[in-house]
Asker: 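One structure follows; several queries about it will come next.
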Amino acid sequence: AQKVTQAQTEISVVEKEDVTLDCVYETRDTTYYLFWYKQPPSGELVFLIRRNSFDEQNEISGRYSWNFQKSTSSFNFTITASQVVDSAVYFCALSEDGNNRLAFGKGNQVVVIP
Amino acid sequence: NAGVTQTPKFRVLKTGQSMTLLCAQDMNHEYMYWYRQDPGMGLRLIHYSVGEGTTAKGEVPDGYNVSRLKKQNFLLGLESAAPSQTSVYFCASSLTGTGSYEQYFGPGTRLTVT
């Protein structure tokens with residue numbers, strides 16, 4: 001069974017600070033996919049990034065970066081120089097190869113204080 | 001493209017009443033999903049469909065039925081609503097279901113059962 005844990009519930013930062021969100025996952029598959037979604041106060045879910053289990057290269061996209069470590073089953077997400085518009089709930093999600101289901105963590109509420 | 005749309009946006013039901021939520025996508029996606037989101041629970045999969053005319057149970061299917069008569073539409077039905085079904089319902093679609101493709105979400109339907 002696939003499982004995703006986001007231990008931090010609410011994180012408050014002052015604008016321009018960096019914020020890192022932790023995600024730990026469980027799966028028995030060797031091929032799987034990890035995602036981060038953002039849910040702003042308006043309520044919609046916005047896809048941010050995807051990572052394949054066979055590619056551990058960490059990347060940066062604008063102010064977003066992610067750190068994927070298979071050895072610790074972690075897929076952490078960092079927002080650099082946070083802005084008020086980053087205030088949202090962020091969900092980590094896991095999908096196993098051949099499995100149509102996304103397993104979501106419970107989310108991290110990020111509050112950026114101006 | 002409108003992406004994924006959901007009808008209605010809000011609904012209040014009395015216990016025992018029935019209703020149908022409509023999801024439509026214009027991206028020619030094969031896979032469609034229904035999730036519910038409850039406070040502190042993240043998103044949980046109710047039912048999903050891997051193609052026109054097919055449906056399958058997700059994590060929390062009890063009390064719900066679905067139909068996919070047309071590729072672009074996925075309907076979620078509540079035959080006899082209960083207060084435990086008060087939630088925000090999200091529909092999503094993806095190109096395929098191998099796990100590698102991100103899911104695109106609709107804006108959500110907020111349902112209250114009194």
Side-chain angles (χ1 to χ4, degrees), chain A residues 1-10 21 23-55 61 64 66 75 88-109, chain B residues 2-6 8-10 23 25 27 29-51 54-61 66 68 74 87-111:
Chain A
Q2 53 192 66
K3 183 179 175 181
V4 177
T5 302
Q6 295 178 255
Q8 310 143 298
T9 52
E10 182 168 327
L21 308 179
C23 174
V24 176
Y25 61 92
E26 294 178 30
T27 178
R28 294 179 182 177
D29 275 22
T30 55
T31 301
Y32 51 90
Y33 306 87
L34 294 159
F35 303 80
W36 277 97
Y37 282 84
K38 174 182 179 180
Q39 186 176 40
S42 51
E44 74 274 19
L45 280 145
V46 179
F47 164 74
L48 294 177
I49 56 175
R50 174 185 59 237
R51 208 78 192 125
N52 307 323
S53 59
F54 42 86
D55 184 359
S61 176
Y64 298 154
W66 48 97
F75 185 49
V89 180
Y90 291 81
F91 291 98
C92 180
L94 165 70
S95 178
E96 295 166 335
D97 193 30
N99 184 331
N100 308 308
R101 310 178 186 190
L102 267 180
F104 283 85
K106 294 185 178 181
N108 299 126
Q109 172 76 61
Chain B
V4 180
T5 58
Q6 292 182 231
K9 288 186 169 54
F10 302 94
C23 175
Q25 53 94 4
M27 297 175 283
H29 284 174
E30 289 293 331
Y31 290 70
M32 297 186 74
Y33 315 81
W34 276 107
Y35 293 88
R36 60 177 288 172
Q37 182 180 26
D38 302 298
M41 295 292 292
L43 280 83
R44 292 181 293 170
L45 182 65
I46 304 171
H47 286 280
Y48 63 99
S49 168
V50 303
T54 69
T55 63
K57 294 180 180 180
E59 182 184 355
V60 288
V66 289
R68 184 106 179 262
F74 195 29
S87 189
V88 180
Y89 291 86
F90 286 96
C91 176
S93 71
S94 64
L95 186 61
T96 70
T98 63
S100 62
Y101 289 93
E102 63 269 25
Q103 294 180 16
Y104 293 85
F105 285 81
T109 295
R110 186 173 294 275
L111 174 66

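Sequence lines set the chain letters: A, B, ... in the order given, protein chains first and strands last, and positions in each chain run from 1.
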Asker: Give me the atom names and distance for the closest heavy-atom approach of A:Phe91 to B:Gln37.
Answerer: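 Heavy-atom minimum between the residues: CZ-NE2, 3.3 Å.
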Asker: Of all the heavy-atom pairs spanning B:Glu102 and A:Phe35, show the shortest one and how long it is.
Answerer: CA-CE2, 3.7 Å
Asker: Quick check: are there more than 12 heavy atoms from other residues, nucleotides or ligands sitting under 6.0 Å from NZ of A:Lys106?
Answerer: no
Asker: Once salt bridge (Lys or Arg N to Asp or Glu O under 4.0 Å) is applied, do any residues pair with A:Arg51, and if so which ones, sequence neighbours excluded?
Answerer: A:Asp55, A:Glu59
Asker: Looking at side-chain heavy atoms only, is the closest gap between A:Gln39 and B:Phe105 below 4.5 Å?
Answerer: no
Asker: Tell me, side chain or backbone of A:Gln6 under 4.5 Å from chain B's heavy atoms, or both, or neither?
Answerer: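 When you check distances to chain B, no heavy atom of A:Gln6 falls under 4.5 Å.
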Asker: Counting heavy atoms not belonging to B:Arg110, are there more than 12 under 6.0 Å from its CZ?
Answerer: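 For B:Arg110, atom CZ is not crowded (no more than 12 foreign heavy atoms under 6.0 Å).
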Asker: Side chain to side chain contact (heavy atoms under 4.5 Å, CB included) between B:Tyr35 and A:Leu102: does it pass, once the steps are laid out?
Answerer: CA-CA 10 Å; B:Tyr35 293 88; A:Leu102 267 180; 3.4 Å; yes
